[in-house]
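Read through the structure below, which is laid out as structure tokens, and then see the notes.
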Amino acid sequence: MRYVIRVKGHLDPFWQEWFEPLSITHESNGITRLAGPIPDQAALYGILLRMCDLGLTLLSLEANTPSWSPEE
């Protein structure tokens with residue numbers, strides 16, 4: 001599954017390694033977007049616990065199944 005997680009404020013890029021394999025992107029409205037594949041629910045909970053440890057405010061969580069076509 002591919003996830004997009006938005007949190008309040010701009011998260012320092014220093015934390016990129018801690019949130020692997022998600023990429024950190026700062027949006028212009030003061031929100032940080034973390035996006036990328038997360039292999040299972042246990043890994044998702046681990047990332048959410050890290051966010052909690054940092055005191056981040058979760059704004060949204062979106063899950064998408066990657067699209068696949070037979071030609072790929």
Side-chain angles (χ1 to χ4, degrees):
M1 292 286 273
R2 178 171 165 71
Y3 288 85
V4 176
I5 303 169
R6 287 185 171 82
V7 296
K8 186 176 180 180
H10 282 164
L11 184 63
D12 192 303
F14 167 82
W15 296 105
Q16 177 66 57
E17 187 175 316
W18 216 39
F19 287 108
E20 289 291 333
L22 302 177
S23 63
I24 295 175
T25 306
H26 294 153
E27 297 181 352
S28 61
N29 54 0
I31 292 174
T32 297
R33 180 173 53 108
L34 295 100
I38 300 175
D40 55 31
Q41 193 170 19
L44 173 61
Y45 283 130
I47 289 169
L48 293 174
L49 284 173
R50 289 177 190 156
M51 291 179 175
C52 184
D53 289 344
L54 291 175
L56 300 176
T57 301
L58 179 65
L59 298 175
S60 68
L61 172 66
E62 301 171 31
N64 297 307
T65 304
S67 60
W68 179 82
S69 65
E71 296 84 39
E72 293 181 343

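Throughout, residue positions are numbered sequentially from 1 according to the sequence presented.
The nearest pair of heavy atoms linking Arg2 to Ala35 is NH2-CB, 3.7 Å. Across all their heavy atoms, Ile38 and Ala43 have their closest contact at CG2-CB, 3.6 Å. Scanning all heavy atoms of the two residues, the minimum distance from Leu22 to Pro37 falls at CD2-O, 4.3 Å. Between His26 and Pro13, the shortest heavy-atom contact is CE1-CD, 4.2 Å.
One finds the CG atom of Leu59 at 7.5 Å from the NZ atom of Lys8 (value rounded to the nearest 0.5 Å). In this structure, CZ on Phe19 lies 5.0 Å from CG on Leu54, to the nearest 0.5 angstrom. Here the CE atom belonging to Met1 is positioned 7.0 Å from the CG atom belonging to Asn64, to the nearest 0.5 angstrom. Taken to the nearest 0.5 Å, the CG atom of Leu44 stands 6.0 Å off from the CD1 atom of Ile5.
Looking at Ile31, Leu34, Thr25 one by one, the single match for side chain to side chain contact (heavy atoms under 4.5 Å, CB included) with Arg6 turns out to be Ile31.
Heavy-atom contacts from other residues, nucleotides or ligands closer than 6.0 Å to CD of Glu17 number 12 or fewer. Gln41 CD: 12 or fewer foreign heavy atoms inside a 6.0 Å radius.
Leu11 has its side chain out of reach of Trp18: every pair of non-hydrogen atoms, C-beta onward, lies at least 4.5 Å apart.
Linking ILVMFWY residues whenever their side-chain heavy atoms come closer than 4.5 Å, directly or via other members, leaves Leu49 and Leu61 in distinct clusters. Taken together through direct or relayed side-chain contacts under 4.5 Å among Ile, Leu, Val, Met, Phe, Trp and Tyr, Val4 and Met51 form parts of separate hydrophobic clusters.
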